[in-house]
Structures are given as structure tokens and as C-alpha cells.
Student: 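Right, I'll just put the structure down here and ask away after.
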Amino acid sequence: MKTALLLLAGSAVVSGKYSLGKAGESCDVVCNSQGLKCNPKIVTNNNTDLFSGLGINCAKPPTHNGTWYSSNQPGYVSDPTDPNYGECLGYKGVPDYDNCNSAYSTVQRLCNCEGDNTYRNHFGTGLSSWELPAKETTVFAHSLPAGSVGSITHIWTTCSQSCVDGTVIRFYIDGETTPSIDMLPPMAAGVGFNDSHAPWGTKWMGLGAGNGGNGQAWFNNFRIPFTKSIRVTLHHQSGAPFGGFYFIVRGARDMPIQVGGYTLPKTAKLLLQKFEGELQPLEWLAVTDVKSGSGIHFASTIAVASNDLNFLEGCYHSFSPYNESFPGVLLSTGTEDYFDSGWYFNAGTFRFPVSGNTHLVSGNGKVTWSAYRMHDQDPLFFNDGLRVLWRNGDVLDPTMKTKCYTQKGITVGNPTVSTVVSYAWVYVW
């Protein structure tokens, strides 16, 4: 981002901190990332001096002779794939009040940023009938005043089915270059395989109705804390843009975060640990892997595709200290137990406040299944690192014929190779 302090001569004199954002960023993002407000009034005096002051050469003749024709202007086209590449657009006849929230994927907007924006007790933005970009684009940013803490408290999104199922939301916390959280909305709610059963919801997450009656409106209320700044990006995992996209993100300042009645330290950070890949029969999956420090394992979601249901024999274990020997703490005597059910979920799908069996289809030698488990009522605290392991199937002790307390023994049933997506949400400090 480039910034310059400019004072324009003439009858319309305005002083302000003018900035040129990155391609695809709105002026709200450009200004909020500096802890400033977007002033929708941009005074150019119908020339390119503001661009020049920011190091932009406007020598190429502009489309429409530089006359404003879109709410993402004034701006500079920096993407070589755009036919208007290299042009400074919309600096003539700029309306008295431009749209701070508008953006276009190939345009770097010229923005007027001034006035403190860090004071807000709640903050956020909304995108209406937007184009979900093919490339990762920052859609929201917020900075805090010194001594404060903040948290994202709510996100909601809807689009067409193929659009929303592939929407990637990333959260960059306190200046991160690699996001702590990189999520798909359905998996964040423990729903796999494009299951659109709706409406349903808990206080933490859920799915509302969409166009045509299928569920397409995902929400999530996990508290995502930060101490300095937050940046939220969007794109579609297919690498193609999608129109008709809607998105809301909100947060609050200096609001305590509690899990199971315990107030998290102000230094707490939420991590999303993911696995996407194949597991061989009886192979272990590290659901959670925090090698040191303190925290709480807050939630798990999982989606599995396999050839039969015998993967559900797998037990969940936790280990803290991190290098604690097997079996650690046995969290379940089978996969269904961990999700508050039994008998291979033979009573069907359900969505309880702390657990859910959100999808189960079995037949013709194929099984697809997904679920969620919250730990806000039974927090898994740790002080010296934590491992949470799950197994693709399990074994019986040859002598006692008991399960989960031995790593080698008699295989239960015939577990096969399973394709697994696992999300683990962990607060650490």
C-alpha cells in the first residue's frame, strides 16, 4: 500500500491521507488496515496529481478520457490481464461521495483515509451481491488501540451451492503472513459432501436456507481473538470467480472469551489445525498437535469417505503432556461415542448443541460421513502441549478382548483406506 499526505490547491481544498490499496481491496479495507476511517469524498481537481504523488505514472490514455463511471474508481489498473492495464481511471467528475466498500479485482483504488477507526466497540462489514474472487483478496481489516483486545464474533455467507461449498475464508491475526485459520464454511460446521440439509443451528454454527430451498447460508460464531489487528480474505478454491456472493463479518473489542465457564487469557489465540488426505487401515491421525504451552481443545469436525463403516471402531485419545505414553486419556471407546451416539449411528443424523452426526450415506460399498463435537461444556484443558489422536478402525486386545487400550491386536471388522478431512479448533496461550 502506498500513502501520501497531499493538500490540493483550488476551490475544493481537502487535506487527507490518500492511499492506493492492493488490487481488489475496497477503501474500507485500505483505510481500516491503517486504523483509519474511509472518507468517501475524494477531490482530484480532475487531474492525476494524487496518483503521481503515490508514484503512479498515468501516461497511458485512460478509458472514457478519465471520466468516473464506476464506484471502484478513482483507481489504477495494475493487472496485466485487464484490457485497461496501466490506466488511471475515474479521476474526472468524481461524485461528492464515493462507495468505500466497492472493489474490483484488477483495480487498485485511490482512497481518502483519515480519522481514528480503532475506537469502535463493535466492528465489521458486509458484502452484497459481490463477486467472490478467484484470487485471495482482503475483504476486511481492523486495528485496535493500544491496550485493547478484540475478537471476531460472527461470520455469515451465502451464494450458489457450488460457490459456497468452495468458499475459502482466511483470518490473519496480528500481522501474520500465514493465516492461523484457513477454512471452508461447511467443514467449520462439521458438514461434508455438500450436504445441504437445512435449516439447523446451534449457538456456535449452522446452516440457513438458500435459493431453491437447499441450505446455502452458513454461519459461525467461534470467537477469534486478536491483540493488534485482524485481516480477513476470501477466494474460491476452484480458482474461478463466482457472482451473487454475500458475506458478513463482525467483531467486538474488550469482550471476554469464555469456554466452559473459564475466561481465556487476553493472550489466547485460536488455531485451526487441519488434515486432508488418506489414512490406511489402523493408521493414526493427529487431530490436534500442540507441542508445548497451555490451552483448550475447543472443537473438532471431521468428514470421512470409506468402503464400509468399520472405520467407526477407531477410538479417540488425548495426550498431555505432549509426550505422554499410550493410551493417554481415552476420550471415546469408538468414533460414535466421541460424537455422543453409538451403534454406527443407526438412529440417523442429528444436530445437538455439543455434537452432531450431520451426514451419513452408506451403500454399494461406499460410505460418506461427517460430524462435529464441541468442547465448551467439557473443556479439554492442557498445560504442557497436547495431542489428540483418532484411528482409522481399531483392534482388540488378544487376551482381554477389550478395545482402545492396545495398539496391536485383532482388527475389528475390515476397515479400509479412508479419505479424511479433519478440523481441530484449539485455543493456545
Student: Between Glu283 and Glu278, what is the shortest heavy-atom contact and its length?
Tutor: OE1-O, 4.2 Å
Student: Any chance you could measure Gln273, atom CD, to Ser300, atom OG, to the nearest 0.5 Å?
Tutor: 10.0 Å
Student: Would you say the side-chain atoms of Thr118 pair up with the backbone N or O of Leu144, donor to acceptor, closer than 3.5 Å?
Tutor: no
Student: Are Thr335 and Ile302 side-chain neighbours, meaning at least one heavy-atom pair lies under 4.5 Å?
Tutor: no
Student: Any side-chain donor paired with an acceptor under 3.5 Å for Ser105 and Glu131?
Tutor: no
Student: Using 0.5 Å steps for rounding, measure from the CG atom of Asn112 to the SG atom of Cys31.
Tutor: 7.0 Å
Student: What pair of heavy atoms forms the shortest contact from Asp394 to Leu282, and how long is it?
Tutor: N-CD2, 3.5 Å
Student: Strictly by modelled atom types, are Asp337 and Ser332 linked by a side-chain donor-acceptor pair under 3.5 Å?
Tutor: no
Student: Look only at the side chain of Glu87 and the backbone of Thr63, and say whether a donor-acceptor pair between them is shorter than 3.5 Å.
Tutor: yes
Student: If every non-hydrogen atom of Thr153 is compared with every non-hydrogen atom of Gly251, which pair is closest and at what distance?
Tutor: OG1-CA, 3.6 Å
Student: Does a side-chain heavy-atom distance below 4.5 Å link Pro186 with Trp218?
Tutor: yes
Student: Please confirm whether the ring centroid of Phe381 lies under 6.0 Å from the ring centroid of Tyr262.
Tutor: yes
Student: Could you tell me whether the side chain of Ser320 and the main chain of Tyr322 form a donor-acceptor pair under 3.5 Å?
Tutor: no
Student: Strictly distance-based, threshold 3.5 Å: is any side-chain N or O of Ser422 a donor or acceptor partner for the main-chain N or O of Lys274?
Tutor: no
Student: Between Asp289 and Arg387, is there a side-chain N and carboxylate O pair less than 4.0 Å apart?
Tutor: no
Student: Got a second to check how far Phe123's CZ is from Ile152's CD1, nearest 0.5 Å?
Tutor: 5.5 Å
Student: Looking at every non-hydrogen atom in both residues, tell me the closest pair between Gly192 and Ser370 and how far apart they are.
Tutor: N-OG, 3.1 Å
Student: side-chain contact (heavy atoms from CB on, under 4.5 Å) for Ile42 and Leu50? Distances and angles first, verdict last.
Tutor: CA-CA 10 Å; Ile42 297 178; Leu50 287 175; 4.2 Å; yes
Student: To the closest 0.5 Å, what do you measure between OG1 (Thr125) and CD1 (Ile248)?
Tutor: 9.5 Å
Student: Salt-bridged, Lys41 to Asp96, with N to O below 4.0 Å?
Tutor: yes
Student: For the residue pair Val107 and Gly75, what are the closest heavy atoms and their distance?
Tutor: CG1-CA, 3.8 Å
Student: Using a strict 4.0 Å threshold on nitrogen-to-oxygen distance, state whether Asp376 and Lys203 make a salt bridge.
Tutor: yes
Student: Using ring centroids (six-membered ring only for Trp), state whether His317 and Phe326 fall under 6.0 Å.
Tutor: yes
Student: I want to check something: taking the side chain as every heavy atom from C-beta on, are Leu380 and Ile296 in contact at a cut-off of under 4.5 Å?
Tutor: no
Student: Quick check: does any side chain N or O of Thr301 sit under 3.5 Å from a backbone N or O of Ala188, one acting as donor and the other as acceptor?
Tutor: no
Student: Decide side-chain contact (heavy atoms from CB on, under 4.5 Å) for His197 and Thr349; before the verdict, give the C-alpha distance in whole Å, the side-chain angles of both, and the deciding distance to 0.1 Å.
Tutor: CA-CA 10 Å; His197 172 84; Thr349 58; over 6 Å; no
Student: Evaluate the side-chain proximity of Leu89 to Trp68: yes if any heavy-atom separation is below 4.5 Å, no if none is.
Tutor: no
Student: Would Asp79 and Tyr85 satisfy side-chain contact (heavy atoms from CB on, under 4.5 Å), going step by step from the backbone distance to the final call?
Tutor: CA-CA 6 Å; Asp79 189 333; Tyr85 172 60; 5.6 Å; no
Student: Taking ring-ring contact (aromatic ring centres under 6.0 Å, His included) as the criterion, tell me which of Trp369, Tyr344, Phe352, Phe350 meets it with Phe339.
Tutor: Trp369
Student: Going by an N to O cut-off under 4.0 Å, is there a salt bridge joining Glu176 and Arg170?
Tutor: no
Student: Would you check if Met374 and Met205 make a side-chain contact, meaning some heavy-atom pair closer than 4.5 Å?
Tutor: yes
Student: Quick check: Trp390 with Tyr338 (ring centres under 6.0 Å apart)?
Tutor: no
Student: With no hydrogens and no angle check, is any side-chain donor or acceptor of His375 less than 3.5 Å from a backbone partner on Gly260?
Tutor: no
Student: Which value, rounded to the nearest 0.5 Å, describes the distance between Lys228 atom NZ and Ser148 atom OG?
Tutor: 13.5 Å
Student: Do the two ring centres, one from Trp204 and one from Phe298, sit under 6.0 Å apart?
Tutor: yes
Student: Is the closest basic N to carboxylate O distance between Asp98 and Arg109 below 4.0 Å?
Tutor: yes
Student: Is there a side-chain contact between Leu132 and Tyr246 (heavy atoms, below 4.5 Å)?
Tutor: no
Student: Between the side chain of Ser418 and the main-chain N/O of Val420, is any donor-acceptor distance below 3.5 Å?
Tutor: no
Student: Can you name the nearest heavy-atom pair linking Ser318 to Leu386, along with the distance?
Tutor: CB-CD1, 4.2 Å
Student: Taking the side chain as C-beta and beyond, is there a heavy-atom pair between Tyr104 and Asp82 under 4.5 Å?
Tutor: yes
Student: Does the ring centre of Phe222 sit less than 6.0 Å away from the ring centre of Trp425?
Tutor: yes
Student: If only atom types and distance count, is the side chain of His359 paired as donor or acceptor with the main-chain N or O of Ala371 below 3.5 Å?
Tutor: no
Student: Gln216 side chain to Cys159 main-chain N or O, any donor-acceptor pair under 3.5 Å?
Tutor: yes
Student: Tell me if a side-chain donor or acceptor on Asn392 pairs with a main-chain N or O of Gln280 at a distance below 3.5 Å.
Tutor: yes
Student: With rounding to the nearest 0.5 angstrom, report the NE2 to CD1 distance, His154 to Ile224.
Tutor: 12.0 Å
Student: Apply side-chain contact (heavy atoms from CB on, under 4.5 Å) to residues Val421 and Phe275 and explain how you reach the verdict.
Tutor: CA-CA 6 Å; Val421 179; Phe275 173 85; over 6 Å; no
Student: With a 4.5 Å limit on heavy-atom distance, are the side chains of Tyr427 and Arg223 in contact?
Tutor: yes
Student: Which is it for Cys111 and Cys38 under the disulfide (SG to SG under 2.5 Å) test, yes or no, and what are the steps along the way?
Tutor: CA-CA 7 Å; Cys111 306; Cys38 170; 6.0 Å; no
Student: Between Arg373 and Asp340, does any NZ, NE, NH1 or NH2 come within less than 4.0 Å of an OD or OE carboxylate oxygen?
Tutor: yes
